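What you are looking at is a predicted structure, and each value in this text was computed from that prediction instead of being measured. In what follows, chains are A, B, ... by sequence order, proteins preceding strands, each numbered from 1.
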Amino acid sequence: MELKYRALEGMHDVLPEQSHLWQYVESRWREHCRRYGYREIRTPILETAELFERSVGETSDIVSKEMYVFQRGEERYAMKPEGTAPVVRAYLEHGLYGAGGVHKLYYITPFFRGERPQRGRYRQAHQFGAEIIGAAHPLADAELLAMVMDFFLTLGLTPDTLELRLNTIGCPECRPAYREAVRNFGRENYTQLCKNCQARLERNPLRILDCKECADITHSAPPIDPYLCDACRTHFENLQNLLKTLEVTYVRDVRLVRGLDYYTRTTFEVIAEQGLGAQNALCGGGRYDGLVAELGGPPTPALGVGIGVERTLLTLQAMQAPLPEPRPIDAYVVAFGEAARPVALKLAQQLRAAQLAAELDLEARSPKAQMRLANRTGARYAILIGDAELQQQTATIKDLQTHEQTVLSQAELSEWIKNRL
RNA sequence: GGGAUCGUAGCUCAGUCGGUCAGAGCGCCUGACUGUGGCUCAGGAGGUCGUGGGUUCGAGUCCCAUCGGUCCCCCCA
């Protein structure tokens, strides 16, 4: 069959055979966030393009070449390419800062980036996000990191298959000096850098640190540590001590710079050892102490994380982590003969009203075909309605595992089944 | 943006040097069992071999183009 329409490149349907797994990880994420004191926030898919240009950064790959932007009238819109900026926008728009204190917000959202798709990377992907707004202390960083690792472990991933990579990239006070140092380093080795990095040197020199192509050269680039201001150094040391206390293991990755401009101080990623192919970052995040002010709010420290839903699922499957089976229905109502069909439908409704999952044939098929369907749905019981049952207002219940049959009145059907499930 | 690779029934695939090559398994439908599933057996439906050109007496098989999938670089979730 020739397909006239198909899903766009990099966009995928989630079919029933997979959707129960999505529901599973989503519900685990919600429960996990609840335990850590987060509340859900939902923001629109579309925002003004400027929001992301201001926050993620004009020179970032995301904004400069991956964002879906379109114009309608005077306004330029963007489909959200990440989750943090909209949350901060909403935080400001609704004056949440006025309520004081720390706001912990979580979300589940699609996001859009016009990249060439590959394993674990799609044009529409989904993200579990968590943001802590209003907390400057490294306690917040430590809790966030512990929460993220805790999430992966409770899903059944093991510590030896995950790697938490941690870095600090300083703040507006100390980073400029470091940026200059990296830029100078780049200039000294200019001819050995790839074209991309030669261009980055002027716009965003830190990005040369996470270029794989230039890894051999940038390996000997100056580390940030001597450049950190006292506050940043203390913050980072404090965080590392807290992680030790919590027994959260991590590796320092001095090259972890990240591609979004709003990050300050703490940056991190969690890498999966297997299952993802080349795109092996399960999640990424960090602190963005300047973002709230950048978007027009009061100076407010904040931090957050984005976890790739597709990547999480791919990893769980690759690692053979325990995953739930789809829930079968409880009963399949089978009608023998035309006269029984309306009664079968009515009985199915009766079962559903009793919170049971019931199905019946909607094509008026033969008894044999109905039994086949009953078997295929995985129903525990088949409810058989024929002439005899019609006469006596009864139903024959067949246990499809044991083949046992029981006859009882239609009125007590639901109770009987509920008592046995 | 650059590159690799693949494209035969709903699904997974076989098709050897171009000449019954339009196939298998699974799935689906029907029947054996006219009020009873899973197992077995017997039938059946379903494909212009991604599309368009070309070479040839003849192409799923060779060549070119094109469209689509997957994966990789880049970058990121």
Side-chain angles (χ1 to χ4, degrees), chain A residues 1-10 12 15 17 56 60-67 80-84 108-129 148 194-197 199-200 207 210-214 256-260 267 269-272 276-285 304-315 332 334-340 361 363 365-390 396-405:
Chain A
M1 180 173 50
E2 196 178 325
L3 292 174
K4 193 166 181 185
Y5 301 105
R6 52 172 68 239
L8 295 175
E9 182 176 14
H12 294 283
L15 300 177
E17 64 182 46
V56 177
S60 68
D61 285 5
I62 289 174
V63 168
S64 65
K65 53 187 194 191
E66 294 167 4
M67 195 158 72
K80 63 164 96 164
E82 60 101 37
T84 299
I108 300 175
T109 184
F111 65 98
F112 304 85
R113 294 182 194 174
E115 305 179 271
R116 188 149 303 179
Q118 67 193 72
R119 183 173 182 79
R121 191 176 72 185
Y122 313 104
R123 290 187 171 181
Q124 175 176 341
H126 301 263
Q127 192 171 77
F128 294 147
V148 166
C194 71
K195 263 193 157 177
N196 245 330
C197 285
R200 282 175 180 139
R207 298 304 308 285
D210 64 8
C211 174
K212 287 169 192 161
E213 207 172 326
C214 300
L256 183 57
V257 170
R258 308 204 54 78
L260 291 75
T267 59
E269 281 181 354
V270 176
I271 304 298
L276 287 181
Q279 309 304 314
N280 63 351
L282 272 176
C283 77
V305 63
I307 300 173
V309 178
E310 286 85 351
R311 291 183 183 184
T312 299
L313 281 168
L314 284 169
T315 304
Y332 196 100
V334 175
F336 290 91
E338 292 309 311
D361 156 53
E363 296 175 281
R365 304 184 62 178
S366 70
K368 184 203 212 39
Q370 291 181 61
M371 287 302 293
R372 244 199 320 267
L373 291 171
N375 191 57
R376 201 187 309 150
T377 58
R380 175 69 192 281
Y381 296 105
I383 314 299
L384 314 182
I385 307 298
D387 291 339
E389 287 85 354
L390 286 179
T396 299
I397 301 185
K398 176 164 189 171
D399 185 321
L400 290 172
Q401 287 166 23
T402 65
H403 312 148
E404 274 179 90
Q405 294 199 177

Please give the distance between the P atoms of B:A24 and B:C63 as a whole number of Å.
29 Å
Approximate separation, where rounding is to 0.5 Å, of A:Glu389 CD and A:Ile397 CD1:
11.0 Å
For a quick check, tell me whether the side chain of A:Gln370 and the base of B:U36 share a donor-acceptor pair closer than 3.5 Å.
no
In whole Å, what is the span from the CD atom of A:Glu338 to the P atom of B:U34?
18 Å
For A:Pro117, is there any backbone N or O sitting under 3.5 Å from a side-chain donor or acceptor partner on A:Glu9?
no
Across the strands shown, which category fits A:Phe111 at heavy-atom distances under 4.0 angstrom: base, sugar-phosphate, nothing?
base
If you assign each of A:Leu260 and A:Gln401 to its closest nucleotide in RNA chain B, which residue comes earlier from the 5' end?
A:Gln401
Could you work out the separation of B:C71 and B:U55 based on their C1' atoms and round it to a whole Å?
33 Å
If you measure from the P atom in B:C49 to the same atom in B:G43, how many Å do you get, rounded?
28 Å
For each nucleotide in nucleotides 67-73 of chain B, reading 5' to 3', give B when a protein heavy atom comes within less than 4.0 Å of its base, S when such contact involves only the sugar-phosphate, and - otherwise.
-SSSBBB
If pairing requires Watson-Crick or G-U wobble contacts with both distances under 3.5 Å, which nucleotide is the partner of B:C11?
B:G25
Stepwise side chain to side chain contact (heavy atoms under 4.5 Å, CB included) check, A:Ile385 with A:Phe336
CA-CA 6 Å; A:Ile385 307 298; A:Phe336 290 91; 5.9 Å; no
Side-chain atoms of A:Asn196 come closest, of B:G37, B:C74, B:C76, to B:C74
With P as the reference atom in both, quote the distance from B:G50 to B:G60 in angstrom, rounded to an integer.
10 Å
B:G37 base / A:Lys398 side chain donor-acceptor hit below 3.5 Å:
yes
Checking A:Val270 against A:Cys283 for the side chain to side chain contact (heavy atoms under 4.5 Å, CB included) test, could you report, in this order, the C-alpha distance in whole Å, the side-chain angles of both residues, the deciding distance, and whether it holds?
CA-CA 5 Å; A:Val270 176; A:Cys283 77; 3.5 Å; yes
For A:Glu363, what residues pass the side-chain contact (heavy atoms from CB on, under 4.5 Å) criterion, not counting sequence neighbours?
A:Asp361, A:Arg365
Pick base, sugar-phosphate or nothing for A:Arg113, based on heavy-atom distances below 4.0 Å to the nucleic acid.
base
Any strand: nucleotide that pairs with B:U55 via Watson-Crick or wobble, under 3.5 Å
none
Expressed in angstrom and rounded to an integer, what is the separation of A:Ile62 atom CD1 from B:C75 atom P?
13 Å
What's the gap between B:G46 and B:C39 when it is taken at their C1' atoms, as a whole Å value?
26 Å
Separation between the P atoms of B:C62 and B:C41, rounded to whole Å:
37 Å
Heavy atoms only, 4.0 Å cut-off, all strands: where does A:Asp210 land among base, sugar-phosphate and nothing?
sugar-phosphate
Under 3.5 Å: donor-acceptor pair, side chain of A:Arg119, backbone of A:Gln279
no
Can you tell which of B:C33, B:G35, B:C74 lies closest to the side chain of A:Thr396?
B:G35
Which whole number of Å gives the distance between the P atom of B:G3 and that of B:U16?
31 Å
Whole angstrom value for the distance that separates C1' of B:G37 from CD1 of A:Ile383:
14 Å
Given B:U30, is OP1 or OP2 found less than 4.0 Å from the side-chain N or O atoms of A:Arg365?
yes
P spacing across the pair B:A42 / B:A4, given as an integer number of angstrom:
49 Å
In the structure shown, which nucleotide is the Watson-Crick or G-U wobble counterpart of B:U5, with both distances under 3.5 Å?
B:G69
How long is the line joining CZ of A:Arg372 and P of B:U36, in whole Å?
12 Å
Answer with base, sugar-phosphate or nothing: what part of the nucleic acid does A:Leu373 contact at a heavy-atom distance below 4.0 Å?
nothing
CG (A:Leu314) and CG (A:Leu276) are apart, to the nearest 0.5 Å, by 6.0 Å
When rounded to whole Å, the CG to C1' distance for the pair A:Asn375 and B:G37 reads 5 Å
Output yes when at least one side-chain N/O atom of A:Arg207 is less than 4.0 Å from OP1 or OP2 of B:C76, else no.
yes
Taking any heavy-atom pair under 4.0 Å as a contact, classify A:Ala125: base, sugar-phosphate, or nothing.
base
Could you point out which residue of A:Arg123, A:Glu82, A:Gln124, A:Arg121 forms a side chain to side chain contact (heavy atoms under 4.5 Å, CB included) with A:Arg113?
A:Glu82
Return yes if some donor-acceptor pair links the side-chain N/O of A:Glu310 with the main-chain N/O of A:His126 below 3.5 Å, else return no.
yes
Tell me what A:Ala340 touches on the nucleic acid: a base, only sugar-phosphate, or nothing, going by heavy atoms under 4.0 Å.
nothing
Using modelled atom types only, decide if a donor and an acceptor are shared between the side chain of A:Arg311 and the backbone of A:Leu282 within a distance under 3.5 Å.
no
Length of the CE-C1' vector between A:Met371 and B:U36, whole Å
4 Å
On the nucleotide B:G37, are OP1 or OP2 found under 4.0 Å from the side-chain N or O atoms that A:Arg380 carries?
no
Could you state the CD-C1' distance from A:Glu389 to B:U36, rounded to the nearest angstrom?
11 Å
Whole angstrom value for the distance that separates C1' of B:G37 from CZ of A:Arg376
10 Å
Would you say B:C75 has OP1 or OP2 under 4.0 Å from some side-chain N or O of A:Lys65?
no
Applying a 4.0 Å non-hydrogen cut-off, can you work out what A:Glu310 is touching in the nucleic acid: base, sugar-phosphate, or nothing?
nothing
